[in-house]
Trainee: 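Quick one: structure below, then a few questions.
Chain letters run A, B, ... following the sequence lines, proteins first and then strands; every chain starts at 1.
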Protein chains: 2
Amino acid sequence: MAPPDTRTQILAAAERLFAERGYRGTSVRAITDLAGANLAAVGYHFGSKAELLAAVARRVIEPINAAQCAGLDRLLARTSDPAVTELVEAFAGPLFDEMPAGDEGGARTSRLIVTILSDPAEEVRSWTGPAEDTVRERYLAAFGRALPGLSPEELRFRMRGILAVTAVDRVEVYQRRDPACLSPVAGEAARNWAITFLTAAMSAPPTGT
Amino acid sequence: MAPPDTRTQILAAAERLFAERGYRGTSVRAITDLAGANLAAVGYHFGSKAELLAAVARRVIEPINAAQCAGLDRLLARTSDPAVTELVEAFAGPLFDEMPAGDEGGARTSRLIVTILSDPAEEVRSWTGPAEDTVRERYLAAFGRALPGLSPEELRFRMRGILAVTAVDRVEVYQRRDPACLSPVAGEAARNWAITFLTAAMSAPPTGT
DNA sequence: GTTTGATTCAAACGAACGTATGACTGAAGC
DNA sequence: GCTTCAGTCATACGTTCGTTTGAATCAAAC
């Protein structure tokens, strides 16, 4: 096996350290040390620390987005009005499944996503492209058809809830570093719990004024 | 009105800046500048930046915890087995209500809480005392009685979901800085949406193996 | 009037940070 | 053999950071 090139090793090291220590808590020196690369390599390959984060984020998010998109396509090919459970599974499932290898049950990647999304700095959240919004809008429309009577605002609220539950759960698991929580069987259980929880939540009747 | 003392002004400035820029994104100099105090005042009154954060966190969390505790007491004084809706409202309600004045509909405080809870650094999360755990355990027991048949693990998962939904929703609102989302009426709507969403989610039947 | 103790102040410390620079390396192209 | 060029390297620059220091300030106690 050929040794991975410097660029890839920096990406892997940055992905890990950003997840473990956050963006600001990770120095470029720590990344290059872990990657076995020279300090200047980050500037050479990515331009700056912020652009490195954007590259890391894209690499992590893209397969999740693609899986969410494909899942919705699959549902819509079968019926024009998928059930709420199916939509929840297609949307939330990839947040559990599409995690790179070597990741402790995907928890580290979830940690990274939350770290990025919750960082107040603009530069940290500016990696996003139009693809994420497109997928979310498509699910929004599908949920809207499955849940008539729900106002668009309340529907948006509930979709945020899906992201919140899936992301935060796994982050807490990761922070506690309890090995039992990181086993594949525990991850599978959390996946099923989340789908149960979220399907019931999404299916709730509209809130009366 | 007597001008507030330096210590209080530093606490207020730190609360605001930690929420807006995160812990690492906020320098002690920025805090003392906003507070109109000298740089060394933080060291004098709090010892260090980390201890200042702990003081800020305690000031924000304590009223929420007290309200959660009081709400549960009120329910248990009436009946030994409160309904799921009542428990959800008593637990999640204070996360919307117990916000200090001057806070944009409580969103800034929620932002601060998420900033603290999601920061990977140990020092940022080490402010917590035994009170938070006590309240959570009490609610856990009450939910367990209201939802027999749910395994303790799945119940814990669902309680994390409550925190996730309430916190993350308001953070996104705050980050977007849409003034319409910060109005009291929008905050009231979000509160009701959350209770509907979470009551249905908590009431879901246990996940089959 | 003097002492005391709490508080505020300007200034400086050393460390760590992101980034830039210019020399070096080694294989590919001619 | 010489050139080219992407990549790597040690090193340094300027800035910002949290913290510390020791003098100045000031009201209260004596």
Trainee: May I ask you to verify if any side-chain N or O of Ser48(A) is less than 4.0 angstrom from the OP1 or OP2 atom of dG18(C)?
Mentor: no
Trainee: Leu39(B) has a side chain; which of dG7(D), dA12(D), dA11(C) sits nearest to it?
Mentor: dA11(C)
Trainee: Roughly, in whole Å, what's the span from CD1 in Ile31(B) to C1' in dT16(D)?
Mentor: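 Going from CD1 in Ile31(B) over to C1' in dT16(D) covers 15 Å.
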Trainee: Expressed in angstrom and rounded to an integer, what is the separation of Ile10(B) atom CD1 from dT19(D) atom P?
Mentor: 13 Å
Trainee: Could you tell me whether Thr26(B) contacts a base, only the sugar-phosphate backbone, or nothing, with contacts defined as non-hydrogen atoms closer than 4.0 Å?
Mentor: sugar-phosphate
Trainee: Please determine, for the side chain of Tyr44(B), which listed nucleotide (dG18(C), dT8(C), dG18(D)) has the closest atom?
Mentor: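 The answer is dT8(C).
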Trainee: What is the separation between atom CZ on Arg21(B) and atom C1' on dC17(D), rounded to the nearest whole Å?
Mentor: 14 Å
Trainee: In whole angstrom, give the distance that lies between atom CG of Asp33(A) and atom P of dC9(D).
Mentor: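 Rounded to whole Å, this separation is 12 Å.
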Trainee: Ala40(A) side chain: which of dT19(C), dG18(D), dA10(D) is closest?
Mentor: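 The nucleotide sitting nearest to the side chain is dA10(D).
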Trainee: In plain terms, say whether Glu153(B) and Arg158(B) are close enough for a salt bridge, that is, a side-chain N and a carboxylate O under 4.0 Å apart.
Mentor: no
Trainee: Within less than 4.0 Å of OP1 or OP2 of dC17(D), is there a side-chain N or O belonging to Ser27(B)?
Mentor: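 Result: yes.
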Trainee: Which residue, Gly47(B) or Arg7(A), contacts DNA chain D at a nucleotide closer to its 5' end, judged by nearest heavy atom?
Mentor: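 With Gly47(B) and Arg7(A) compared, the 5'-side residue is Arg7(A).
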Trainee: It should be established whether His45(A) places a side-chain nitrogen or oxygen under 4.0 Å from OP1 or OP2 of nucleotide dT8(D).
Mentor: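 Answer yes for this pair, as a side-chain N or O of His45(A) is under 4.0 Å from OP1 or OP2.
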Trainee: If we ignore angles and hydrogens, is there a donor and acceptor under 3.5 Å between the side chains of Gln9(A) and Thr6(A)?
Mentor: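 No, because no side-chain N or O of Gln9(A) sits under 3.5 Å from a partner of the opposite role on Thr6(A).
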Trainee: How long is the gap from CE on Met202(B) to CD1 on Ile195(B), to the nearest 0.5 Å?
Mentor: 13.0 Å
Trainee: Measure from CZ on Arg24(B) to P on dG18(D) and round the result to the nearest Å.
Mentor: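 Arg24(B) atom CZ is separated from dG18(D) atom P by 11 Å.
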Trainee: Within this structure, what is the NZ-to-C1' distance between Lys49(A) and dA20(C), rounded to whole angstrom?
Mentor: 17 Å
Trainee: How far does CD of Gln68(B) sit from OG1 of Thr134(B), to the nearest 0.5 angstrom?
Mentor: 12.0 Å
Trainee: Does Thr6(B) have a side-chain nitrogen or oxygen under 4.0 Å from the phosphate oxygens OP1 or OP2 of dT7(C)?
Mentor: no
Trainee: To the nearest Å, how far apart are Leu53(A) CG and dC17(C) C1'?
Mentor: 17 Å
Trainee: Are any of the side-chain nitrogens in Glu20(A) or Arg111(A) under 4.0 Å away from the carboxylate oxygens of its partner?
Mentor: no
Trainee: So, is Asn38(B) close to the dA10(C) phosphate, meaning a side-chain N or O under 4.0 Å from OP1 or OP2?
Mentor: yes
Trainee: Which nucleotide, dT21(D), dT8(C), dG18(C), lies nearest any side-chain atom of Arg29(A)?
Mentor: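 Minimum distance to the Arg29(A) side chain belongs to dG18(C).
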Trainee: Rounded off to whole Å, could you give me the CG-to-P distance for the Leu17(A) and dG18(C) pair?
Mentor: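 Computing the Leu17(A):CG to dG18(C):P distance gives 12 Å.
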